[in-house]
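Notes for the one structure printed next.
Numbered from 1 within each chain, the chains take letters A, B, ... in sequence-line order. All values below come from the heavy atoms of this structure, side chains included, with hydrogens, waters and symmetry mates left out.
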2 protein chains.
Amino acid sequence: MDAMDNCTDSKDRILDKAEALFAEKGFHAVTVREITQAAHCNLAAVNYHFGNKQNLYLEVFRTRWMPRARRVQACFKDVLSTQDERSLAGIVHALAEAFLKGPLTDDERLCHSQLMIREMAKPGLATDMLVDEVIKPFFGDLVVLLGPYLPENGERERVMLDIVSIFAMVIYFNFARVPVTRVTGQEYDEVFKERLVEHIVRFCLKGLDMDKKEGA
Amino acid sequence: MDAMDNCTDSKDRILDKAEALFAEKGFHAVTVREITQAAHCNLAAVNYHFGNKQNLYLEVFRTRWMPRARRVQACFKDVLSTQDERSLAGIVHALAEAFLKGPLTDDERLCHSQLMIREMAKPGLATDMLVDEVIKPFFGDLVVLLGPYLPENGERERVMLDIVSIFAMVIYFNFARVPVTRVTGQEYDEVFKERLVEHIVRFCLKGLDMDKKEGA
DNA sequence: GTCTATAGCAGGATAGAC
DNA sequence: GTCTATCCTGCTATAGAC
């Protein structure tokens, strides 16, 4: 398809297409034939370069998913460092922005969260790598970062749940595009995504925040 | 396994096991052989009763998923009707409670949300049925119910996003048990689930709500 | 490093006895 | 309704020419 296809070697093309297909359909629903056809190379290339299908899947995470996760985290820290004053609102906004708009293209972002969700749904081949090398360290950073805003020092669990909740929002709105679009009637264009970031920041900071009009 | 297995007919046993397996692994990762073995019946039974694997999958949604979704919604309305005064907090609490504790057993709830998430991740065989017959009508009800609390009548989209956000929390905490457990160190026992309900209600109503200690 | 050909096997589906 | 036996397709993986 792409004019560049012949410039990059088949190993890279396979990794690219494999990632997209694994994200879209899941490991079992994708066949090696499908991948090699999409990558415009021979069926045997997967076994030659990666040994077998499982290892190709793992390589997708090693060479594609992990670096991208690091890019997003770097973006988050970049945004933070440019803020002259540190505030809770600033941190949440940086988080939502890095994950929902950040350095990734739309396709990358969708692909990225789909791969993660699939792996998180049920412990899979790449779960350990993902949890130990990316999720846990990043959560550790966030706990430290949000420490000053803790109600008490003892309530570590509450902070954990709050952080997870922010991710819940970001990941859900990325992943559940189909029902969101069907229910709201909104396509995921730039305008809507900007509104989503605003919504997520507001919701995470203030919740529904409709108390003014209590009493039906 | 169960002592009751021989009492219910094979059609029901197949539906039960198929649902659990489809939820756990996804459509493609499950084989008909696996299902029939788990259901202690013959391989040919699936084709005899359901024609083919795809139709079995659809029947799982028709005869298992949909009735359960209705039970949860009924529970939500029940709780609402017992509240003497209607309030935003009451509605959110009823929602979180119905979905996170409600009428379902733990296994049912996990199974239920896994099936839905898989279907929502990418439009699948049952997506239309699910969206048109369950999600859209229920969202319609919620929009009406939350209408009195709208900031303005024009802001329908904001209410939609708020409702979706509540579901995002509920579904994520149900679905992403693995990372939640790994990060928080908490198993999903009764105590933790009760805390989760409290957390979700609080978070949805008030967000992070840490403004008191602004300024690091 | 790329390709063809094929081994070897697992899965879905069916025919037909009981 | 249940079972056995079997067909056939489509998959992963490999061997070996180029």
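- Arg13(A) places a side-chain N or O within 3.5 Å of a backbone atom of His40(A) that can act as its donor or acceptor partner.
- Taking every heavy atom of residues 20-28 of chain A and every atom of DNA chain D, no pair lies under 4.0 Å.
- Across the protein-nucleic acid pair, Asn42(B) atom CG and dA13(C) atom P stand 15 Å apart, rounded to whole Å.
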- Message: His28(A) vs Val30(B), test: side chain to side chain contact (heavy atoms under 4.5 Å, CB included). Steps then yes/no.
- Response: CA-CA 9 Å; His28(A) 291 281; Val30(B) 178; over 6 Å; no
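- For Lys53(B) and Phe27(B), the positive end sits near the middle of the six-membered ring, less than 6.0 Å away and at most 45° from its axis.
- If you take CD1 of Ile35(B) and P of dG11(C), they are 12 Å apart, rounded to a whole angstrom.
- Protein chain B contacts DNA chain D over a range whose 5' and 3' limits, counting nucleotides with an atom under 4.0 angstrom from a non-hydrogen atom, are dG1(D) to dT4(D).
- Glu108(B) and His112(B) are not linked by any side-chain donor-acceptor pair at a separation below 3.5 angstrom, with hydrogens and angles left out of the test.
- Between Tyr57(A) and Phe61(A), the angle of the ring planes goes over 60°, which puts this pair in the perpendicular group of the 30/60° scheme.
- Distance, Arg33(B) CZ to dT14(C) P: 14 Å, rounded to whole Å.
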- Task: Output, in order, the C-alpha distance, side-chain angles, deciding distance and verdict of ring pair (Phe, Tyr, Trp, His ring centres under 6.0 Å) for Phe99(A) and Phe167(A).
- Result: CA-CA 9 Å; Phe99(A) 279 80; Phe167(A) 280 107; 5.2 Å; yes
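- Note on ring orientation: taking the six-membered ring where Trp is involved, the planes of Phe138(B) and Phe76(B) are perpendicular (angle over 60°, cut-offs 30° and 60°).
- Applying the 4.0 Å criterion to OP1 and OP2 of dG12(C), one finds that Asn52(B) has every side-chain N and O outside that range.
- In this structure, the CZ atom of Phe50(B) is 16 Å from the C1' atom of dG12(C), given to the nearest Å.
- Remark: P of dG12(C) and NE2 of His49(B) are 17 Å apart, rounded to the nearest angstrom.
- Ring geometry for Phe192(A) versus Tyr188(A): interplanar angle over 60°, hence perpendicular rather than tilted (30 to 60°).
- Both Leu43(B) and Lys11(B) lie close to DNA chain D; mapped to their nearest nucleotides by heavy-atom distance, the more 5′-ward contact belongs to Lys11(B).
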